[in-house]
Amino acid sequence: MNSVHAVTQLYEVVHYPAQGEPFPHPLLFVHGAWHGAWCWEQYFMPHFAAHGFDVTAFSLRGHGSSTGRHSIPILRLADYVDDLRILLAQFETPPVLIGHSMGALLIQKVLETHHDIPAAVMLAPIPHTGTIGLAWRTATRRPLTALRIMLTGNVYTLVADPEPDGTTFFSPYMPSAEAERYMQRFTHESFIATGFDALFFDLPRPVRAKTPVLVLAGRHDTLFTPKEIQRTASAYDTQAIVFEQMGHELMLDPGWQDVATTIDTWLYTMI
């Protein structure tokens, strides 16, 4: 399958054209903290292109092959929201937005003002109430990890020092060698964006959103629990679908095919 990679000024952009009769709206994938466009290209982009979707993923500034790596420590959540808005402006037809974790939080922020977005999908989203639950669980389960994050401002510590059973990002069903291969691609992340703005300083207002939303969660997600994600789904007048054998990385964990099929079935039903 042919794909196009480009780094134009600031952003790495990856594009897969639709095979066959295209879906009326393109898809734009938005990655989460520590990730890049690569997390979508592994499985999701080829899958959706093969099912008739024109798909694009990009890396936020400082992530993937985008420029600005040196600026990550000072980036705010609003900077990432601006990145998404800049990419949105490149589309002639408003795209469906599909975001993971922090990427889903960026989508929540954009939906407050961009009412022409036809649909949005949130995979394991940072809850609309912020990362307070994650902060509390880290402080109580791994106090030394929490202390190191607070003293250094380095949230990569969550990657380097995972849950004792290794399931911070992946389900117990993910082979450890494969999980390690993905985690070696994780980059550093802004403590200001994730530890302050996403904690309570710059949270979304679901009441302002007009777009239909699909919310997905993994039962083994230790970053954002299914209960938290269900509350976020309720704030958008829907119910989250929980995948019982999956973790936080819904687009990479074993079972990703079920997640992708759930999304494309929902899209063809909604639009």
Side-chain angles (χ1 to χ4, degrees), residues 23-33 39-40 44 47-48 51 53 55 57 77 80-81 84-85 88 93-134 171 198 200 202-253 255-271:
F23 188 73
H25 291 269
L27 309 184
L28 177 59
F29 291 97
V30 190
H31 68 80
C39 71
W40 303 111
F44 266 37
H47 169 92
F48 283 97
H51 286 75
F53 295 89
V55 295
L77 194 68
Y80 293 150
V81 174
L84 176 52
R85 288 188 172 124
L88 273 175
T93 301
V96 172
L97 297 179
I98 301 178
H100 173 244
S101 196
M102 184 180 75
L105 184 65
L106 304 182
I107 289 174
Q108 292 178 62
K109 295 289 292 181
V110 164
L111 292 183
E112 296 176 6
T113 55
H114 288 63
H115 298 153
D116 59 340
I117 300 299
V121 181
M122 303 178 190
L123 285 71
I126 289 181
H128 73 292
T129 52
T131 55
I132 186 66
L134 170 60
S171 74
F200 48 71
D202 193 11
L203 297 180
R205 297 175 176 84
V207 69
R208 296 183 178 180
K210 308 298 181 185
T211 299
V213 170
L214 175 65
V215 182
L216 308 176
R219 180 65 64 190
H220 295 280
D221 193 336
T222 61
L223 292 179
F224 310 114
T225 67
K227 186 175 181 179
E228 290 174 318
I229 293 173
Q230 283 287 9
R231 285 198 293 266
T232 293
S234 295
Y236 288 93
D237 296 321
T238 188
Q239 289 290 314
I241 297 174
V242 180
F243 293 86
E244 294 296 329
Q245 294 188 313
M246 301 191 73
H248 186 66
E249 303 286 308
L250 291 169
M251 64 288 186
L252 294 172
D253 235 339
W256 68 265
Q257 299 96 327
D258 294 335
V259 179
T261 299
T262 298
I263 295 170
D264 60 41
T265 300
W266 182 78
L267 287 175
Y268 275 108
T269 300
M270 291 299 301
I271 300 176

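- At least one side-chain heavy atom of Thr262 sits less than 4.5 Å from a side-chain heavy atom of Phe243.
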Exercise. Dump the intermediate steps for side-chain contact (heavy atoms from CB on, under 4.5 Å) on Trp40 and Val55, then the final yes or no.
Key: CA-CA 10 Å; Trp40 303 111; Val55 295; over 6 Å; no

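- The two atoms that bring Ala120 and Thr211 nearest to each other are N-CG2, 3.8 Å, heavy atoms only.
- Residues Asp202 and Lys109 are in side-chain contact: their nearest non-hydrogen atoms beyond the backbone lie under 4.5 Å apart.
- Once rounded to the nearest 0.5 Å, the distance linking CD1 of Ile126 with CD of Glu228 reads 10.5 Å.
- Residues Leu77 and Leu106 meet the side-chain proximity criterion, which asks for heavy atoms closer than 4.5 Å.
- In this structure, His128 and Tyr236 have perpendicular ring planes: the angle between them is above 60°, well past the 30° mark.
- Between Ile107 and Val213 the shortest side-chain heavy-atom distance does not fall below 4.5 Å.
- Ring geometry, Trp256 versus His47: the interplanar angle exceeds 60°, so the pair is classed perpendicular (tilted spans 30 to 60°).
- Separating the CG atom in Leu134 from the CZ atom in Phe224 is a distance of 5.0 Å, to the nearest 0.5 Å.
- Note: Arg219 CZ to Thr225 OG1 = 9.5 Å, rounded to the nearest 0.5 Å.
- Pairing each heavy atom of Ala198 with each of Leu105, the nearest pair is CB-CD2, 3.8 Å.
- Proximity of Phe200 to Ile132: side-chain heavy atoms (C-beta onward) are nowhere separated by under 4.5 Å.
- Using a distance-only test at 3.5 Å, with no hydrogens or angles considered, no donor-acceptor pair links the side chain of Gln230 to the main chain of Val242.
- Remark: the backbone N or O of Met246 is not paired with any side-chain donor or acceptor of Asp253 at under 3.5 angstrom.
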Verify side-chain contact (heavy atoms from CB on, under 4.5 Å) between Phe44 and Leu123, making sure each step is shown before the conclusion. CA-CA 12 Å; Phe44 266 37; Leu123 285 71; 4.0 Å; yes

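- Rounded to the nearest 0.5 Å, atoms CD (Glu244) and CG (Asp258) are 12.0 Å apart.
- Residues passing the side-chain hydrogen bond (donor to acceptor under 3.5 Å, both in side chains) test with Arg205: none are found, sequence neighbours excluded.
- Interatomic distance, NE2 of His115 versus CZ of Arg208, reported as 9.0 Å (0.5 Å rounding).
- The two residues Leu203 and Glu112 make their nearest non-hydrogen contact at O-OE2, 4.3 Å.
- Met251 is listed as a side-chain neighbour of Cys39, based on a closest heavy-atom distance under 4.5 Å.
- We find the NZ-CD1 distance between Lys210 and Ile117 to be 15.0 Å, quoted to the nearest 0.5 Å.
- Of all heavy-atom pairs spanning Leu84 and Val30, the tightest one is CD1-CG2, 3.8 Å.
- The shortest distance between side-chain heavy atoms of Thr238 and Leu214 does not fall below 4.5 Å.
- Remark: of the listed residues Ile241, Val121, Leu250, Val121 is the sole one forming a side-chain contact (heavy atoms from CB on, under 4.5 Å) with Ile263.
- Aromatic ring orientation, Tyr268 versus Phe23: perpendicular (interplanar angle above 60°, classes split at 30° and 60°).
- Taking each heavy atom of Thr265 and Thr269 in turn, the nearest pair found is O-OG1, 2.9 Å.
- Contact record, Pro118 with Pro95: CD-O, 3.4 Å, taken as the closest heavy-atom pair.
- With a 4.5 Å cut-off on side-chain heavy atoms, Gln245 and Ser171 do not count as touching.
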(request) Show your working on side-chain contact (heavy atoms from CB on, under 4.5 Å) between Met122 and Leu111 and close with a plain yes or no. (result) CA-CA 12 Å; Met122 303 178 190; Leu111 292 183; 4.2 Å; yes

